[in-house]
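In what follows, a single structure is set out as structure tokens and then discussed.
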Number of protein chains: 2
Amino acid sequence: MSDDRNKPIFKIRIVFGPHEMMGPGKAELLERIDSCGSIAAAGREMDMSYKRAWELIGTLNAMFKAPLVERTRGGPGGGGAFLTDLGREVLSLYRALEEDAAAGSAKRMQALCTLLSDIPGEK
Amino acid sequence: MSDDRNKPIFKIRIVFGPHEMMGPGKAELLERIDSCGSIAAAGREMDMSYKRAWELIGTLNAMFKAPLVERTRGGPGGGGAFLTDLGREVLSLYRALEEDAAAGSAKRMQALCTLLSDIPGEK
DNA sequence: TTTAGATATGTTTTTGAAAACATATCCAGA
DNA sequence: TCTGGATATGTTTTCAAAAACATATCTAAA
């Protein structure tokens with residue numbers, strides 16, 4: 001019997017400084033901006049207000065050596081946003097880091113799950 | 001010149017289910033209960049209200065096969081709390097998992113830090 | 001039998017982050 | 001030159017999580 005229930009989700013947040021951090025939210029936002037071509041559309045997909053998405057991008061752009069996202073205003077379609085090379089690099093690095101971390105701790109994760117209550121989600 | 005500034009902090013949160021998760025906060029709480037011998041004292045050390053600490057312990061006790069923390073009431077000192085064997089096991093497993101994850105992703109972490117802005121904390 | 005210091009909970013208040021709302025601005029193309 | 005759809009921000013409102021406050025309860029030991 002395959003026991004695929006209870007697959008735990010591994011969330012990583014990297015805190016670089018008091019106001020500089022990166023976690024699952026910003027990563028997903030970058031990803032969606034890459035595929036959508038706009039901050040507004042990415043935000044909509046994530047059920048996030050444009051303003052919030054815009055703010056997150058602002059902090060991301062400020063915390064790295066150069067902007068991860070560049071934007072254009074006006075024109076056909078009204079404008080848009082796209083990842084810079086650095087943006088793509090940071091994103092893929094973060095994703096790879098996630099995988100490495102998960103792989104490195106898989107054994108322990110399995111052991112932890114063993115100790116969980118049998119009746120999960122039973123709140 | 002040692003460049004120990006900007007040592008990033010790696011935070012891991014494991015989400016087992018919709019209402020079942022464990023992260024740095026619960027881990028530290030377990031640790032301090034172990035060393036303090038009481039929920040109240042542990043909470044004080046963490047600047048956390050007794051009520052909140054007590055609630056966190058409640059959810060922890062509920063999500064594993066057996067309680068991680070047991071408590072006594074009354075008596076000299078008024079009572080106290082201590083980790084069960086399972087509690088100690090979960091805690092050390094979580095700590096080990098953290099280390100494994102950090103070790104597994106250290107290379108990528110280093111690479112990420114390289115891309116950070118030079119002027120950190122400059123908000 | 002009183003006390004001390006902890007556990008155990010209910011109730012009210014704060015507050016800080018996110019949402020919601022509101023505009024202003026930009027500009028290629030029709 | 002008007003328009004559409006996006007960026008860019010300021011302002012107000014909501015709301016849920018945490019804090020704060022308030023008690024009640026337990027019990028070994030003095």
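Residue numbers begin at 1 in each chain, while the letters A, B, ... track the order of the sequences. Computed from a predicted structure; not experimentally measured.
Judged by distance alone, the side chain of B:Ser38 and the main-chain N or O of B:Ala81 form no donor-acceptor pair under 3.5 Å. Checked by atom type and distance alone, the side chain of A:Asn61 pairs as donor or acceptor with a backbone atom of A:Val69 at under 3.5 Å. One N or O on the side chain of B:Ser49 and one on the backbone of B:Arg52 form a donor-acceptor pair closer than 3.5 Å. In this structure a side-chain-to-backbone donor-acceptor pair under 3.5 Å is missing from B:Lys26 to B:Thr59.
To the nearest angstrom, P of D:dG5 lies 23 Å from CH2 of A:Trp54. Rounded to an integer number of Å, the gap from B:Arg71 CZ to D:dA28 P is 18 Å. A:Tyr50 has its OH atom 10 Å from the P atom of D:dA6, to the nearest Å. Remark: C1' of D:dA28 and CZ of B:Arg73 are 14 Å apart, rounded to the nearest angstrom.
Using a 4.0 Å cutoff on non-hydrogen atoms, no part of residues 26-35 of chain A comes near DNA chain C.
Taking 4.0 Å as the cut-off between side-chain N and carboxylate O, A:Lys11 and A:Glu98 do not count as a salt-bridged pair. Salt bridge B:Asp100/A:Lys107: absent, no basic N to carboxylate O contact under 4.0 Å.
Nearest approach of A:Thr114 to B:Lys65, heavy atoms of both residues: O-NZ, 3.6 Å.
Between A:Gly78 and A:Arg52, the residue whose closest nucleotide on DNA chain C is further toward the 5' end is A:Arg52. Checking B:Gly37 against A:Ser49, the closest nucleotide of DNA chain C that is more toward the 5' end is the one next to B:Gly37.
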(request) Step by step, work out the side-chain contact (heavy atoms from CB on, under 4.5 Å) result for A:Glu28 and A:Ile33. (result) CA-CA 9 Å; A:Glu28 184 180 350; A:Ile33 286 175; over 6 Å; no

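The nucleotide range of DNA chain C contacted by chain A, defined by atoms under 4.0 angstrom from heavy atoms of the protein and reported 5' to 3', is C:dA18 to C:dA28.
Residue B:Gly79 is in sugar-phosphate contact alone, with no base atom involved, counting any heavy-atom pair closer than 4.0 Å across all strands shown.
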